[in-house]
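Since the structure comes first, as structure tokens, the remarks are kept for the end.
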Amino acid sequence: AQSVAQPEDQVNVAEGNPLTVKCTYSVSGNPYLFWYVQYPNRGLQFLLKYITGDNLVKGSYGFEAEFNKSQTSFHLKKPSALVSDSALYFCAAPVSGGYNKLIFGAGTRLAVHP
Amino acid sequence: GAGVSQSPSNKVTEKGKDVELRCDPISGHTALYWYRQSLGQGLEFLIYFQGNSAPDKSGLPSDRFSAERTGGSVSTLTIQRTQQEDSAVYLCASSLTRGGGSAPYNEQFFGPGTRLTVL
């Protein structure tokens, strides 16, 4: 069965430091991977996606993600965290043959401290 | 431009009552999805529409749940005889039709959700 895992419930980082939010996947066929962010009382906002090509994907708000096929990972990164980056982050993948419906990781809460 | 909108933003109802949740997708998006977000279950897929048809209803948890879409636009999710375990945030998303070639999957754009509380 396909799955997406986010091993950390919460990540704490100081403002200005680099951040990483981890995601690993198990999908059949070519992996297509997404990162979404959810701010309090808001819906999910698309950050970036990996379809094919370069393993380093750049997205919104200065975020990027590194696709690693051998480690089946798609970690979200940002060189310098902002307090405003504090939110809930979800990694997701479309179910193969499943009309693009997404399966999500459990989510990682990012807390950036001043 | 306008994003995905959902109404109501909050709904409190009594156990056993029926509720209707509405979603207005982005204009031109033929694909529409409903998801449910709850503390215990995370984010779960409920149903997918392509135009007015629902080729995938596999995520609907019981026959108390139904959804329709009219005019290839607005969708309504109906929960009959609500139960306390139905309490969750119901999210709607829309996207362009699945493309082909090297970019077969398009990102989904989510609405703000409807928070349903069943007392």
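Residue numbering restarts at 1 for every chain, and letters A, B, ... go by the order of the sequence lines.
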Below 4.5 Å from any heavy atom of chain A, which atoms of B:Ser58 appear? Answer side chain, backbone, both or neither.
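Side chain only.
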Could you look at A:Gln45 and say if it's the side chain, the backbone, both or neither that has a heavy atom under 4.5 Å from chain B?
neither
For B:Arg64, I'd like to know if atom CZ has over 12 heavy atoms of other residues, nucleotides or ligands within 6.0 Å.
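Check passes, neighbour count above 12.
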In this structure, are over 12 heavy atoms from other groups packed under 6.0 Å from A:Gln10 atom CD?
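Counting neighbours around CD of A:Gln10, more than 12 heavy atoms of other residues, nucleotides or ligands fall under 6.0 Å, so yes.
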Residues 55-80 of chain A vs chain B, non-hydrogen distance cutoff under 4.5 Å, contacting residues -> none
Checking heavy-atom separations under 4.5 Å from chain B, one finds in residues 83-94 of chain A A:Leu88, A:Phe90, A:Pro94
Strictly distance-based, threshold 3.5 Å: is any side-chain N or O of B:Thr82 a donor or acceptor partner for the main-chain N or O of B:Glu14?
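Yes; at least one donor-acceptor contact below 3.5 Å.
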Does B:Gln108 reach the main-chain N or O of B:Ser94 with its side chain, forming a donor-acceptor pair under 3.5 Å?
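Side chain of B:Gln108 to backbone of B:Ser94, a donor-acceptor pair under 3.5 Å: no, none is there.
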Would the B:Tyr33 and B:Phe49 ring centres measure less than 6.0 Å apart?
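Here the rings of B:Phe49 and B:Tyr33 have centres that are no less than 6.0 Å from each other.
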Answer yes if the ring centres of B:Phe110 and A:Tyr36 are under 6.0 angstrom apart, and no otherwise.
yes
A:Arg109 and A:Asp9: salt bridge (charged side-chain N to carboxylate O under 4.0 Å, His left out), yes or no, with the steps?
CA-CA 6 Å; A:Arg109 187 165 299 281; A:Asp9 291 336; over 6 Å; no
Closest heavy-atom contact between [X] and [Y]?
X: A:Ala5; Y: A:Pro7; answer: O-CD, 3.8 Å
X: A:Tyr25; Y: A:Val27; answer: CD1-CG2, 3.8 Å
X: B:His29; Y: B:Leu96; answer: CD2-CD2, 3.6 Å

Chain A interface, residue from B:Glu44, B:Gln37, B:Gln6 that has the most non-hydrogen pairs under 4.5 Å
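Of B:Glu44, B:Gln37, B:Gln6, B:Gln37 has the most heavy-atom pairs under 4.5 Å with chain A.
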Please state whether the rings of B:Phe109 and A:Phe46 are parallel, tilted or perpendicular, taking 30° and 60° as the class boundaries.
tilted
Members of residues 83-93 of chain B whose heavy atoms come closer than 4.5 Å to chain A
B:Leu91
Anything in residues 112-119 of chain B with a heavy-atom distance to chain A below 4.5 Å? Please list those residues in order.
B:Pro112, B:Arg115
Where do B:Tyr35 and A:Leu44 land on the side-chain contact (heavy atoms from CB on, under 4.5 Å) test, with the steps shown first?
CA-CA 11 Å; B:Tyr35 295 89; A:Leu44 277 67; over 6 Å; no
Rounded to the nearest 0.5 Å, what separates atom [atom1] in [X] from atom [atom2] in [Y]?
X: A:Thr108; Y: A:Leu19; atom1: OG1; atom2: CG; answer: 11.0 Å
X: A:Lys22; Y: A:Thr24; atom1: NZ; atom2: OG1; answer: 10.0 Å
X: B:Ser75; Y: B:Glu68; atom1: OG; atom2: CD; answer: 7.5 Å
X: B:Ile47; Y: A:Lys101; atom1: CD1; atom2: NZ; answer: 11.0 Å

